[in-house]
Q: 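Following this message is one structure expressed as structure tokens.
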Amino acid sequence: MSKPYFYSILSQELSSIKEKDLFRFMRTIRSTQGPVVNIDGRDIILLCSNNYLGLANHPELMNDAIKAINRYGVGSGASRLISGNMGPHEQLEQDIADFKQTESALVFNSGYHANIGIISAIANTDTAVLSDELNHASIIDGIRLSKANIFIYRHMDTSMAEDILKSLEQKKKLIVTDSVFSMDGDIAPLKELAELAERYDALLMVDEAHATGVLGKHGKGAVELFGLSGRVHIQMGTLGKALGVFGAYAAGDRLLIDYLINKSRPFIFTTSLPPALCSASRKAIELIRNHPELREALKENIKIMRDGLRNMGFEISDAPTPIIPVIIGDSKKTMEFSSLLFDRGVFVSGIRPPTVPPGTSRLRITVSASHTKEMLYKSLDIINTVNSILR
């Protein structure tokens, strides 16, 4: 059968991607998401997972998921407004609201679903949306879907954000930001943004995907870290990073949640999460609350990795997050660095445009509470060796 013309266009675009050293491929892991994974029959230290607390293969989460499967089965059968609303969904939402200190919460099927679902529901052509220039792609796409008027402010530049707010004519104003930025690991100035939201009568939405479970005295995120409970109108976060499971949520006032239930298309028209994932997520929240030593272990590992990379001459910040970018710059060299690390037993993905701006290709190193000190020091030795080879 002849191929349609469309295929020739796709082939040309793929060829262009390859020529620019931007072609992507996937490695297959044949083990649990632990600190060491099995790829192609080899055990390799994993330094690029968002499984920050090591909960993805925690026996208590697995046991609760199995119990839920035995009781509820493997699927929910429908969207929640049809027949897919099950006990574990509502129980998880109660736990999230309590954990995040909000009136209510709503579970979504992924972080991407949550961001596009929240923003496209509450914003429209009459809305001005202020967005940090390094916000996650799902935030950007949510704003595009909403058809709101978008105003981009320089990364973490609250002075520029205020200048924009001063100039706006729209009454409906939304400020949206990541709390921990996924490719840089730095933390947004949430206190200043909250003050701007209050001063200019704007709604403030914070994406806590990489902060929940990691930051704050009780692991509640950057909102807790800065003491902003009650001052952030919408807290969005995921269940698939530090919590180790899958899914996402919106947390806020009951009015907001009722509105999303009625207006958020990704929520309304999607089969709901399997109940087993909800049960496992509930257990993850319980462990985060009751085991602060998980965060302490993560903090120690973050310091070891950041100090070690800094001693090699890399420019590494003191941010207290497990996302540690090592900027290489050139895309081809970045992928060569990643490949040489993999050959020597360390899995770190190379991150290239369009995920990051041109000229800032990087190794996005992430550490977990489950990494042993020996694993980290071995990884640092290997990184140092490869760095010497490519220097």
Side-chain angles (χ1 to χ4, degrees), residues 80 85 87-111 113-123 136 138-139 142 173-180 187-188 190-191 193-198 201-243 245 247-264 266-268 272-273 277-279 281-290:
R80 288 180 66 187
N85 186 40
H89 296 110
E90 295 188 351
Q91 291 164 349
L92 174 58
E93 287 166 348
Q94 291 169 6
D95 287 355
I96 291 171
D98 183 58
F99 184 55
K100 287 291 184 174
Q101 296 180 284
T102 60
E103 287 182 357
S104 192
L106 186 67
V107 172
F108 285 82
N109 282 30
S110 71
H113 270 89
N115 273 333
I116 64 172
I118 297 166
I119 298 170
S120 65
I122 65 174
H136 192 266
S138 57
I139 294 175
K173 297 180 282 289
L174 169 66
I175 304 170
V176 58
T177 183
D178 285 329
S179 59
V180 174
I187 305 174
L190 294 189
K191 185 176 180 181
L193 290 174
E195 291 170 352
L196 288 179
E198 291 162 355
D201 192 25
L203 208 64
L204 177 59
M205 174 178 169
V206 176
D207 180 336
E208 291 268 61
H210 294 276
T212 300
V214 174
L215 298 181
K217 182 178 180 181
H218 303 98
K220 298 180 181 182
V223 172
E224 180 189 33
L225 178 69
F226 291 110
L228 297 175
S229 178
R231 297 178 66 188
V232 174
H233 305 101
I234 308 170
Q235 295 186 56
M236 171 271 169
T238 61
L239 308 171
K241 295 180 173 60
L243 272 70
V245 193
Y249 60 85
D253 291 348
R254 182 71 240 180
L255 173 68
L256 168 73
I257 300 307
D258 284 343
Y259 189 85
L260 293 176
I261 290 171
N262 283 274
K263 296 288 287 186
S264 177
F267 171 80
I268 295 168
S272 61
L273 279 177
L277 298 183
C278 297
S279 294
S281 295
R282 294 187 68 203
K283 178 58 70 172
I285 292 172
E286 179 185 320
L287 291 178
I288 288 170
R289 282 180 144 168
N290 296 334

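Here, residue 1 is the first one in the sequence, and each next residue gets the next number. Keep in mind that what you see is a predicted model, and the values were worked out from it rather than measured.
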Q: Do you know the tightest heavy-atom contact between Ser179 and Ala211?
A: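 Shortest heavy-atom contact: OG-CB, 3.4 Å.
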Q: Distance check, rounded to the nearest 0.5 Å: Leu190 atom CG versus Asp178 atom CG?
A: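 Atom-to-atom, Leu190:CG and Asp178:CG are 10.0 Å apart.
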Q: Nearest 0.5 Å please: distance from the CD1 atom of Ile118 over to the CD1 atom of Ile139.
A: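 One finds 9.5 Å between CD1 of Ile118 and CD1 of Ile139.
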Q: OG/Ser281 to CG/Leu92 distance, rounded to the nearest 0.5 angstrom?
A: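 Rounded to the nearest 0.5 Å, the OG-CG separation comes to 5.5 Å.
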Q: Determine all donor-acceptor pairs shorter than 3.5 Å in which one atom belongs to a side chain in residues 219-230; sequence neighbours excluded.
A:
from, atom 1, to, atom 2, distance (Å)
Glu224, OE1, Lys217, N, 3.3
Glu224, OE1, His218, N, 3.1
Glu224, OE1, Gly219, N, 3.4
Glu224, OE1, Lys220, N, 3.0
Glu224, OE2, His218, N, 3.2
Glu224, OE2, His218, ND1, 2.7

Q: Hey, are the side chains of Leu273 and His89 touching, using non-hydrogen atoms and a 4.5 Å cut-off?
A: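 When only atoms from C-beta onward are counted, His89 and Leu273 do touch, with a gap below 4.5 Å.
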Q: Given Tyr249, which partner from the list Thr238, Leu106, Ile96 fulfils the side-chain contact (heavy atoms from CB on, under 4.5 Å) test?
A: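 Result for side-chain contact (heavy atoms from CB on, under 4.5 Å) with Tyr249: Ile96.
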Q: So Asn109 and Pro266, do their side chains get closer than 4.5 Å, heavy atoms only?
A: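 The answer is no; the side chains never approach within 4.5 Å.
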Q: Distance from Asp201 atom CG to Leu196 atom CG, nearest 0.5 Å?
A: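 It is 13.0 Å, given to the nearest 0.5 Å.
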Q: Please list all pairs meeting salt bridge (charged side-chain N to carboxylate O under 4.0 Å, His left out) that have one or both residues in residues 89-102, counting only residues at least two apart or in different chains.
A: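 Only Arg80-Glu93, Asp95-Arg282, Asp98-Arg289, Lys100-Glu208 qualify under salt bridge (charged side-chain N to carboxylate O under 4.0 Å, His left out).
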Q: Might you point out which heavy atoms bring Ala242 and Val214 nearest each other, and give the distance in Å?
A: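 The answer is CB-CG2, 4.1 Å.
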Q: Which pair of non-hydrogen atoms, one from Ile257 and one from Ala250, has the smallest distance, and what is that distance?
A: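 Reported closest heavy-atom pair: CD1-O, 3.7 Å.
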Q: If you round to the nearest 0.5 Å, how far is CZ of Phe267 from CD1 of Ile116?
A: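 The CD1 atom of Ile116 sits 14.0 Å away from the CZ atom of Phe267.
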Q: If we only count heavy atoms from C-beta on, is the Leu215 to Ile187 side-chain gap below 4.5 Å?
A: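 The answer is yes; the side chains approach within 4.5 Å.
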Q: Rounded to the nearest 0.5 Å, what's the gap from NZ on Lys241 to OG1 on Thr212? Could you check?
A: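 The distance works out to 10.0 Å.
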Q: Side-chain contact, heavy-atom cut-off 4.5 Å: His233 with Leu256?
A: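 No, every pair of side-chain atoms sits at 4.5 Å or beyond.
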Q: So do the side chains of Leu203 and Ile122 get within less than 4.5 Å of each other, counting heavy atoms only?
A: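 Yes; the side chains approach each other to less than 4.5 Å.
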Q: What pair of heavy atoms forms the shortest contact from Gly117 to Phe108, and how long is it?
A: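 Where Gly117 meets Phe108 most closely, the heavy atoms are CA-CE2, 4.4 Å.
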Q: Among residues at least two apart in sequence or on other chains, which ones pass side chain to side chain donor-acceptor pair (under 3.5 Å) with Asp207?
A: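 Expected list: Asn115.
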Q: Compare all side-chain heavy atoms of Thr177 with those of Leu193 and state whether any distance is below 4.5 angstrom.
A: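 Side-chain contact under 4.5 Å: yes.
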